[in-house]
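Accompanying notes for the structure given below.
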Amino acid sequence: MNNTFDVLIIGGGVSGMSCALVLGSAKSKNFAAEKKIGIFTHQKSSMLQEAVFNNAYGITPGKLGSELLSESKIHLSATYPHITQIPNEKILKIEGKYPDFTILSNKNSYNSMYIIIGVGSANTFAIEGLLEFVEPHQKALVEKQRIQLKNTDHKVTEGIYVIGTLAGCRSQLTIAAGSGAAVATDLLSLWNEGLAVQIHDSIKK
């Protein structure tokens with residue numbers, strides 16, 4: 001596998017998969033057609049593992065979070081197979097700066113122009129190269145000891161974005177999903193020479 005990407009998403013939970021789906025849906029656009037996109041789909045520590053959903057828009061009441069996690073990977077591979085899914089790897093370190101980052105996992109080394117971080121807000125966060133951006137979560141209960149990465153509108157530093165609860169969002173599925181989608185459209189807009197992008201499918205021809 002060629003380990004050089006235009007963008008790598010770290011985290012296969014709600015925000016990461018949402019981001020990947022929106023990026024994947026832009027494949028037909030000239031500005032995105034040749035972009036190589038990957039996502040680390042490690043989900044073991046996702047908050048969804050023990051969740052049940054009754055209040056999430058568009059999701060059948062009683063849906064298990066564990067089901068959503070597995071179904072989202074199938075959805076992504078079936079609908080947007082050009083997105084590279086990288087399973088069973090944990091990210092340990094990020095080196096370099098935009099536009100040439102090196103991402104080191106417990107198994108491999110990767111290069112990417114952009115990085116999107118969506119691994120959750122547990123205080124066990126330990127990705128070297130990002131620790132300087134860690135701060136207490138601004139919207140979580142203090143006793144939960146959650147953290148976030150300092151960011152401005154999801155941007156941590158040039159070329160690095162954070163999504164979901166790690167961006168400071170509340171722990172709510174639809175909020176996390178929207179966060180991932182927002183960063184995807186921001187990146188697509190950058191690729192489109194700064195012109196705003198929203199990707200919609202329609203039943204109209």
Side-chain angles (χ1 to χ4, degrees), residues 3 5 7-20 38-53 56 64-73 76 84-97 101-112 114-157 159-184:
N3 286 359
F5 291 81
V7 57
L8 276 171
I9 303 164
I10 300 173
V14 177
S15 62
M17 295 305 283
S18 176
C19 185
I39 178 170
F40 292 94
T41 55
H42 181 73
Q43 300 174 328
K44 189 174 181 180
S45 60
S46 173
M47 295 179 188
L48 263 68
Q49 292 289 358
E50 298 180 352
V52 181
F53 291 99
L64 298 179
S66 57
E67 292 175 331
L68 282 177
L69 287 171
S70 59
E71 290 170 3
S72 65
K73 291 189 288 187
L76 182 62
T84 301
Q85 294 191 41
I86 308 168
N88 305 319
E89 293 192 32
K90 184 176 182 179
I91 303 306
L92 304 177
K93 188 175 184 179
I94 293 173
E95 299 176 332
K97 60 183 180 179
F101 293 104
T102 298
I103 299 93
L104 302 172
S105 79
N106 59 330
K107 297 181 180 179
N108 291 296
S109 174
Y110 302 85
N111 293 96
S112 186
Y114 292 97
I115 300 172
I116 300 173
I117 315 290
V119 296
S121 56
N123 62 7
T124 53
F125 181 89
I127 299 177
E128 291 185 47
L130 295 178
L131 297 178
E132 65 182 285
F133 302 108
V134 171
E135 64 180 4
H137 200 288
Q138 303 300 299
K139 293 184 178 179
L141 294 172
V142 173
E143 55 265 31
K144 288 185 175 291
Q145 298 184 326
R146 298 292 181 183
I147 59 97
Q148 64 181 55
L149 297 186
K150 296 176 185 176
N151 69 92
T152 301
D153 192 21
H154 295 96
K155 187 174 182 179
V156 177
T157 189
I160 299 180
Y161 296 83
V162 61
I163 54 179
T165 57
L166 192 62
C169 296
R170 297 189 193 281
S171 181
Q172 198 77 25
L173 182 142
T174 48
I175 296 175
S179 171
V183 168

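All figures in this text were calculated on a predicted structure; none of them were measured in a lab.
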Within the structure provided, determine whether [X] and [Y] are in side-chain contact (heavy-atom separation under 4.5 Å).
X    : Y    : answer
I10  : I94  : yes
L149 : V134 : yes
L166 : I147 : yes
I91  : V119 : no
F133 : I160 : no
T165 : Q148 : no

I117/L130 under side chain to side chain contact (heavy atoms under 4.5 Å, CB included): CA gap, chis, key distance, verdict: CA-CA 10 Å; I117 315 290; L130 295 178; 3.8 Å; yes
Atom pair [atom1]/[atom2] of [X] and [Y] - distance to nearest 0.5 Å:
X    : Y    : atom1 : atom2 : answer
S105 : K93  : OG    : NZ    : 13.5 Å
L48  : M17  : CG    : CE    : 11.5 Å
Q145 : T124 : CD    : OG1   : 11.0 Å
R170 : Q172 : CZ    : CD    : 9.5 Å
N151 : I163 : CG    : CD1   : 11.5 Å
N123 : H137 : CG    : NE2   : 12.0 Å

Working for side chain to side chain contact (heavy atoms under 4.5 Å, CB included), residues K107 and N88: CA-CA 9 Å; K107 297 181 180 179; N88 305 319; 3.9 Å; yes
When you measure from the side chain of [X] to the backbone N and O of [Y], does any donor-acceptor pair fall under 3.5 Å?
X   : Y    : answer
N3  : S109 : yes
Q85 : K73  : yes
H42 : I86  : no

With distance as the sole criterion, is a donor-acceptor pair present between the side chains of H154 and S179 under 3.5 Å?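 Looking only at side-chain atoms, S179 and H154 do form a donor-acceptor pair, the distance falling under 3.5 Å.
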Using the side chain to side chain contact (heavy atoms under 4.5 Å, CB included) rule, take L68 and L173 through it: C-alpha gap first, then chi angles, then the decisive distance, then the call. CA-CA 11 Å; L68 282 177; L173 182 142; 3.7 Å; yes
Heavy-atom closest contact ([X] atom, [Y] atom, distance):
X    : Y    : result
G11  : I39  : O-CD1, 3.5 Å
V7   : S112 : CA-OG, 3.3 Å
I116 : C19  : CD1-SG, 3.6 Å
A176 : S15  : O-CB, 3.3 Å
G168 : K139 : O-CD, 3.5 Å
S18  : A181 : OG-N, 3.6 Å

Residues two or more places apart in sequence or in another chain: which of them pass side chain to side chain donor-acceptor pair (under 3.5 Å) with E128?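 Counting only residues at least two positions away or on another chain, E128 forms no side chain to side chain donor-acceptor pair (under 3.5 Å).
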Do the rings of F40 and Y110 sit parallel, tilted or perpendicular, given the 30° and 60° boundaries?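 Perpendicular: the ring planes of F40 and Y110 meet at over 60°.
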Is it the case that more than 12 heavy atoms not belonging to Q138 sit under 6.0 Å from its CD atom?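 Above 12, so yes.
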